[in-house]
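Every heavy atom of this structure was used, including side-chain atoms; hydrogens, water molecules and symmetry mates were not.
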Amino acid sequence: MLAGVLAAAATAASGIDPGIEETTILLGATASLSEPEPAAVVRGASAYFRYVNARGGVNGRMISYRVVDDGSDPAQAVQATLRLVDEDGVFAIVNATGTEQNLATRPYLNAAKVPQLFVGSGATAFGSDYRRYPWTIGFRPSLRDEGRIYGGYASRSRPGARIAVLYDDDTAGLELLAGVKLGIARSKARVVAAEPADLDLETQVASLKASGANVLALFVEPTTASQAFAFANRLGWRPLLVTTSAAKVEGAVSIAFVKDPADVAWREDPAIKLYRAIMSRYAKGANAQDVNHVYGMAVGYETVKVLKAVGQTPTRAAVGAQTRKLRDPSDPFLLPGITIRTAATDHFPLEQALLQRWSKGGWKGFGGLWG
């Protein structure tokens, strides 16, 4: 403890923020490393940072990215974050995954004025609570915006749409449902039934069908979505399906904002070729078809842009200020036309997305950008 206090005092006296050394920048994150999606997100970012380091780093400093397993437990995320900041002395927490985990660590990080950059969650709070938590910023489109896009699409493709929603009774499910209602607010479409998923899924699907819905929104875990789809088929119900991209159900419509390495449309794309080269060198053995790695690299790219922009002697305050004025159309891992944009009163970097449909084992984009 004494050593930590002395180190902190020396850092304060030098005017250099923790995590900044002559040749390194120390960044941290927490994630559930036993779960495929969060593990891929931080792995993709880590691989990109190693690629940048091999080309000279950021303003002459190498990025060290320390990721701690939180087991998808908010309490563990808090303890891991305390260690990363107080003991390891990270400069910023970048790309930490999980809604509840990031909500749990947000008060401490903001009180300590440690940047909580590009949170790995779509919860609206990470952008809308900017006055209370100015050191926190999200990355991906918010869940409410995602739901709004689904509602808008349903109302356009099925004029007067009658929408049934099966949702998880958590932050994600409730925000997606609220977004759908926003998306249909100025149309003749309406939500005719909405039920939180329970164990008697077959009865629930029958109830949703009985509502007369011609659109079914599945805002549930992928396994639950697949089961609900199977029950709907068994009942002879063929509604328009909308769902999150994690739930890969034949014919379902979802959103995308990063390039999918499994989509042949991007096979010759320079960014995806670079992505595969980075994965081959810095994430050997990982599934390069997993789009979550691309998402992680998109975050890594933007993190490097922010660090470069704040100059030779980066400070936490400068990083915070930079994240409030982002204007970047150059992230190669995002879909064409998508621009990262923020302001003092806008902490949602991404607010555009492309619709995609799951067909024959893959997502296929269609139409233009929504946002």
Side-chain angles (χ1 to χ4, degrees), residues 27-32 37-38 41-42 45 67 70 72-74 77-78 80-81 84-85 90 92-149 168 170-179 182 219 244-246 255 257-258 292 295-296 298-303 305-306 316 319-326 328 331 334 338-353 371:
L27 306 177
T30 61
S32 180
E37 181 176 339
V41 167
V42 293
V67 180
D70 62 24
S72 198
D73 179 359
V78 169
T81 301
L84 285 167
V85 175
V90 298
I93 297 295
V94 178
N95 193 40
T97 65
T99 297
E100 301 307 324
Q101 298 92 302
N102 278 291
L103 288 173
T105 60
R106 183 174 62 164
Y108 162 72
L109 290 170
N110 277 262
K113 297 183 178 180
V114 176
Q116 188 180 22
L117 295 182
F118 305 136
V119 169
S121 165
T124 306
F126 295 117
S128 62
D129 292 350
Y130 62 88
R131 288 188 179 90
R132 187 176 179 186
Y133 300 108
W135 294 86
T136 298
I137 191 165
F139 187 76
R140 54 151 289 163
S142 73
L143 292 163
R144 190 162 298 183
D145 273 345
E146 182 174 352
R148 179 177 55 79
I149 291 171
D168 283 331
D170 58 13
T171 299
L174 292 168
E175 289 200 1
L176 286 163
L177 173 58
L182 286 174
F219 300 146
T244 61
S245 60
I255 67 163
F257 50 93
V258 298
N292 291 298
Y295 172 88
V299 174
Y301 178 91
E302 201 57 37
T303 301
K305 289 271 289 190
V306 168
R316 288 169 169 171
V319 165
Q322 182 65 26
T323 61
R324 292 189 285 274
K325 57 179 181 181
L326 299 178
D328 186 11
D331 193 322
L334 299 179
I338 293 182
T339 296
I340 292 175
R341 183 183 291 108
T342 61
T345 58
D346 181 3
H347 281 212
F348 296 100
L350 291 178
E351 298 181 76
Q352 299 165 287

K.L.:
By side-chain contact (heavy atoms from CB on, under 4.5 Å), which residues pair with A298, not counting sequence neighbours?
P.N.:
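F139, V258, D331, F333, L334.
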K.L.:
Taking all non-hydrogen atoms of both residues into account, name the closest pair between V42 and A31 and its distance.
P.N.:
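What the structure gives for the nearest pair is CG1-CB, 3.8 Å.
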K.L.:
Please round to the nearest 0.5 Å and tell me the distance separating atom CD of E100 and atom OG1 of T171.
P.N.:
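So the gap between those two atoms works out to 4.5 Å.
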K.L.:
Residues two or more places apart in sequence or in another chain: which of them pass side-chain hydrogen bond (donor to acceptor under 3.5 Å, both in side chains) with N292?
P.N.:
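N292: side-chain hydrogen bond (donor to acceptor under 3.5 Å, both in side chains) contacts with D290.
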K.L.:
Looking at every heavy atom in both A96 and I93, which two are closest together, and how far apart are they?
P.N.:
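A96 and I93 have their closest heavy atoms at CB-CG2, 3.9 Å.
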K.L.:
Please report the shortest heavy-atom distance between A29 and L84, naming the atom on each side.
P.N.:
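Heavy atoms only, the tightest pair is O-CD1, 3.6 Å.
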K.L.:
Report, one line per pair, each donor and acceptor closer than 3.5 Å where one atom sits in a side chain of residues 107-120; sequence neighbours left out.
P.N.:
from: Y108; atom 1: OH; to: D86; atom 2: OD1; distance (Å): 2.7
from: Y108; atom 1: OH; to: D86; atom 2: OD2; distance (Å): 3.4
from: N110; atom 1: OD1; to: W135; atom 2: N; distance (Å): 2.8
from: N110; atom 1: ND2; to: R106; atom 2: O; distance (Å): 3.0
from: N110; atom 1: ND2; to: T136; atom 2: OG1; distance (Å): 2.8
from: Q116; atom 1: OE1; to: T136; atom 2: OG1; distance (Å): 2.6
from: Q116; atom 1: NE2; to: N102; atom 2: O; distance (Å): 3.3
from: Q116; atom 1: NE2; to: N102; atom 2: OD1; distance (Å): 3.3
from: Q116; atom 1: NE2; to: T105; atom 2: OG1; distance (Å): 3.3

K.L.:
Within this structure, what is the CZ-CG distance for the pair F257 and L350, rounded to the nearest 0.5 Å?
P.N.:
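Taking CZ in F257 and CG in L350, the distance rounds to 6.5 Å.
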K.L.:
Could you tell me which residues satisfy salt bridge (charged side-chain N to carboxylate O under 4.0 Å, His left out) with D70, sequence neighbours excluded, listed by chain and number?
P.N.:
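With sequence neighbours excluded, D70 shows a salt bridge (charged side-chain N to carboxylate O under 4.0 Å, His left out) to no residue whatsoever.
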K.L.:
Does T81 form a side-chain hydrogen bond (donor to acceptor under 3.5 Å, both in side chains) with Q101? I'd like the steps, not just the answer.
P.N.:
CA-CA 10 Å; T81 301; Q101 298 92 302; over 6 Å; no
K.L.:
If you round to the nearest 0.5 Å, how far is NE2 of H347 from CG of D129?
P.N.:
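Between atom CG of D129 and atom NE2 of H347 there are 10.5 Å.
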K.L.:
Please report the shortest heavy-atom distance between S142 and F348, naming the atom on each side.
P.N.:
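Heavy atoms only, the tightest pair is CB-CE2, 3.8 Å.
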K.L.:
Identify, with sequence neighbours excluded, every residue that meets side-chain hydrogen bond (donor to acceptor under 3.5 Å, both in side chains) alongside T99.
P.N.:
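So T99 forms a side-chain hydrogen bond (donor to acceptor under 3.5 Å, both in side chains) with S121.
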K.L.:
Would you please name every residue forming a side-chain contact (heavy atoms from CB on, under 4.5 Å) with A344, sequence neighbours left out?
P.N.:
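By the side-chain contact (heavy atoms from CB on, under 4.5 Å) rule, A344 matches no residue at all.
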K.L.:
What's the separation between atom CG in D170 and atom CZ in F219, rounded to the nearest 0.5 Å?
P.N.:
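Interatomic distance, D170 CG to F219 CZ, rounded to 0.5 Å: 12.0 Å.
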K.L.:
Using every non-hydrogen atom in the two residues, find where R144 and A178 come nearest and quote the distance to one decimal.
P.N.:
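Reported closest heavy-atom pair: NE-CB, 4.2 Å.
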K.L.:
For R341, enumerate each residue passing the side-chain contact (heavy atoms from CB on, under 4.5 Å) test, keeping only those at least two apart in sequence or located in another chain.
P.N.:
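Expected list: R327, T339.
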K.L.:
As an exercise, state the distance from CD1 of I255 to CD of Q352, rounded to the nearest 0.5 Å.
P.N.:
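Nearest 0.5 Å value for the CD1-CD distance: 11.5 Å.
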K.L.:
Taking only residues two or more places apart in sequence or in another chain, which ones pass side-chain contact (heavy atoms from CB on, under 4.5 Å) with T342?
P.N.:
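Per chain and number, T342 pairs via side-chain contact (heavy atoms from CB on, under 4.5 Å) with I137, L326, P349.
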K.L.:
Looking at residues at least two apart in the chain, or sitting in another chain, which of them share a side-chain hydrogen bond (donor to acceptor under 3.5 Å, both in side chains) with E146?
P.N.:
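Only R140, Y150 meet the side-chain hydrogen bond (donor to acceptor under 3.5 Å, both in side chains) criterion with E146.
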K.L.:
With sequence neighbours left out, write down each residue that passes side-chain hydrogen bond (donor to acceptor under 3.5 Å, both in side chains) with D328, or none if nothing qualifies.
P.N.:
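Listed in chain order: S330.
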K.L.:
Can you list every salt bridge (charged side-chain N to carboxylate O under 4.0 Å, His left out) pair that touches residues 342-351, not counting sequence neighbours?
P.N.:
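Qualifying pairs, neighbours excluded: none.
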K.L.:
Mind checking ring pair (Phe, Tyr, Trp, His ring centres under 6.0 Å) for Y301 and listing every partner two or more places apart, or none if nothing turns up?
P.N.:
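Counting only residues at least two positions away or on another chain, Y301 forms no ring pair (Phe, Tyr, Trp, His ring centres under 6.0 Å).
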K.L.:
Can you measure from CG (D145) to CG (L143) and round to the nearest 0.5 angstrom?
P.N.:
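D145 CG to L143 CG: 9.5 Å, rounded to 0.5 Å.
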